[in-house]
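Here is the structure we will look at, set down as structure tokens.
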Amino acid sequence: MINALSIEGFSFTYQSWTEKENEPLFRALSLALPAGSKTLLLAPFNKGKTTLAKIICGVCPKYFPGELQGDINLYGKSLSDLDPWDLLPVCTYVSQNPQEQFVATSVEEEIAFPLESMGMERETMHARIEEAITQWGLQDLRTSSEQELSGGERKRVLLATMQAIDASFWLLDEAFDDLDQHWRDQLKHLIATKDKTVLVLASRYLREFDDLFDQVLLLDEGDIASGDRSTLISRFAHLCGDDLPSPLETEHIQPSQKRILSCKSLQAERSRVSTTKSKQFTLEVPDFQLRSGELVTLVGPNGSGKSSFSRLLCGLDTPIAGQITIDGEPFRDKQLSKRVGYLFQSPDLQIFL
């Protein structure tokens, strides 16, 4: 059986922009994936899984300079002989960070762009776009700009694009992140039923993975380890520090001040300028309280308003009705931003903008 992906004697070191040389990210790494196989590659944070994905799909070191050694072959063809655009019908990459992949101004154009680049006939292209948009619940968002989509919606656009391209090899970096359970099940179904070679890279092990993959591999100290699944998962947990004691089990922090963040009859509206079919989104919160020392999880499907509610509580957005108080005193906008800390869903928005 031909291998969809074959890597031998592979090493990579990022170019250093200082006088100090970087350490190799991979050393003599080897990997072989048979055509049609479904593989999960686990890797701790910041240990090279995204770099490996970008190398396989041909954009690194072309656009991310570094020294690459070894042989990489896709379906028997050397990666060094292929340009990234030659890989479109062969290998589709879904990035961990959807924002870095968007190139078009609307959802429909985003899905169409690679199909146009492949020279696909208009009728075939139209049929694939419609099927992908329908499968991933994007009918009302076809005109929407990427800037007005939620994290889960962005991920669904990339997965719809992957489905429309219909390449032989799917390379998915943290593909289950940002998706609610319904869309995770959709992705699981596609992986299980489509006759594709699938490589999923993940930095955490989810229950969804239990029966989905033919094999589980581990990126461990710059090389790929195989073997008994339970042993690999145990080693992965150790590398991630999951076997360290949790401070939540032993530490009980007593706040110096007892504070109460609350809201009453809170209402907000959000309209997407680029979206022509979707109804205006309305968020209503009759009553909410958060007290000092509490740890609360707010859950909901993609697009249900979790981020919108968070932005109201920290003063980034202004409600159209209702009141937010701290210890009974009303606060708005910049007053809230000085008292409520917020960690964005998209780190780029917080770090650079």
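- No side-chain donor-acceptor contact under 3.5 Å links Y342 and S337.
- Taking both residues in full, the closest heavy atoms of K38 and I191 are given as NZ-O, 3.0 Å, listed atom of the first, atom of the second, then distance.
- Taking the charged nitrogens against the carboxylate oxygens, D220 and R235 do have a contact shorter than 4.0 Å, which makes a salt bridge.
- Side chain of D317 to main chain of R311: no donor-acceptor pair is present (N/O by atom type, distance under 3.5 Å, no hydrogens or angles).
- With R142 as the fixed residue, the salt bridge (charged side-chain N to carboxylate O under 4.0 Å, His left out) test singles out one of E130, E153, E110, E109: E130.
- For N73 (side chain) and L5 (main-chain N/O), no donor-acceptor pair under 3.5 Å exists by modelled atom type.
- A donor-acceptor contact closer than 3.5 angstrom links the side chains of E174 and S203.
- Salt-bridge annotation for D287 and K264: present, with a side-chain N of the basic residue lying under 4.0 Å from a carboxylate O of the acidic one.
- Aromatic ring orientation, F209 versus Y205: perpendicular (interplanar angle above 60°, classes split at 30° and 60°).
- Side chains of T39 and D214: a donor-acceptor N/O pair is absent below 3.5 angstrom, by distance only.
- Defined by atom type and a distance below 3.5 Å, a donor-acceptor pair is present between the side-chain atoms of S262 and T325.
- Taking both residues in full, the closest heavy atoms of A160 and L138 are given as CB-CD1, 3.9 Å, listed atom of the first, atom of the second, then distance.
- Inspection of the Q101 and Q99 side chains reveals no N or O donor paired with an N or O acceptor under 3.5 Å.
- For the 3.5 Å distance criterion, the side chains of E67 and T13 fail to qualify, holding no donor opposite an acceptor.
- Side-chain contact, T50 with Q96: a donor N or O sits under 3.5 Å from an acceptor N or O.
- Of the possible polar contacts, one joining the E294 side chain to the R291 backbone as a donor-acceptor pair under 3.5 Å is found.
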Next on the checklist: For E208 and Q181: C-alpha separation, side-chain torsions, deciding distance, then whether side-chain hydrogen bond (donor to acceptor under 3.5 Å, both in side chains) applies.
Outcome noted: CA-CA 10 Å; E208 277 90 346; Q181 193 59 54; 3.0 Å; yes
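- Annotation: cation-pi geometry satisfied between K54 and F64 (NZ/CZ under 6.0 angstrom from ring centroid, within 45° of ring axis).
- Between I324 and the options D333, L266, V285, V340, a side chain to side chain contact (heavy atoms under 4.5 Å, CB included) holds for only L266.
- With hydrogens and angles left out, the side-chain atoms of Q186 and R184 include no donor and acceptor closer than 3.5 Å.
- K258 places no side-chain N or O within donor-acceptor distance of the main-chain N or O of G293, the cut-off being under 3.5 Å.
- A salt bridge links K49 with D173: the closest approach of a Lys/Arg side-chain nitrogen to an acidic carboxylate oxygen falls below 4.0 angstrom.
- Residues P65 and W17 come closest through the heavy atom pair CG-CZ2, 4.3 Å.
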Next on the checklist: Between Q215 and L33, does the side-chain contact (heavy atoms from CB on, under 4.5 Å) criterion hold? Intermediate values first, please.
Outcome noted: CA-CA 10 Å; Q215 63 175 338; L33 300 182; 3.6 Å; yes
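- Scanning all heavy atoms of the two residues, the minimum distance from I165 to T92 falls at CG2-OG1, 3.7 Å.
- In terms of modelled atom types and a separation under 3.5 Å, the side chain of R128 and the main chain of I111 share no donor-acceptor contact.
- For the pair G303 and F281, the tightest heavy-atom approach, listed with the atom from each and the gap, is O-CE1, 3.6 Å.
- In summary, the side chains of S308 and R270 do present a donor paired with an acceptor at a separation below 3.5 Å, with no hydrogens or angles considered.
- Checking side-chain atoms of T124 against main-chain N and O of M120 turns up no donor-acceptor pair under 3.5 Å.
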Next on the checklist: Using ring pair (Phe, Tyr, Trp, His ring centres under 6.0 Å), reason through F12 and F26 one step at a time and then give a plain yes or no.
Outcome noted: CA-CA 5 Å; F12 179 74; F26 309 113; 7.1 Å; no
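- With rounding to the nearest 0.5 Å, the separation of CE in M162 from CG in L190 is 6.0 Å.
- Side-chain contact annotation: D228 with T231, donor-acceptor N/O pair under 3.5 Å present.
- The main-chain N or O of P98 is never found under 3.5 Å from a side-chain atom of S95 such that the two would form a donor-acceptor pair.
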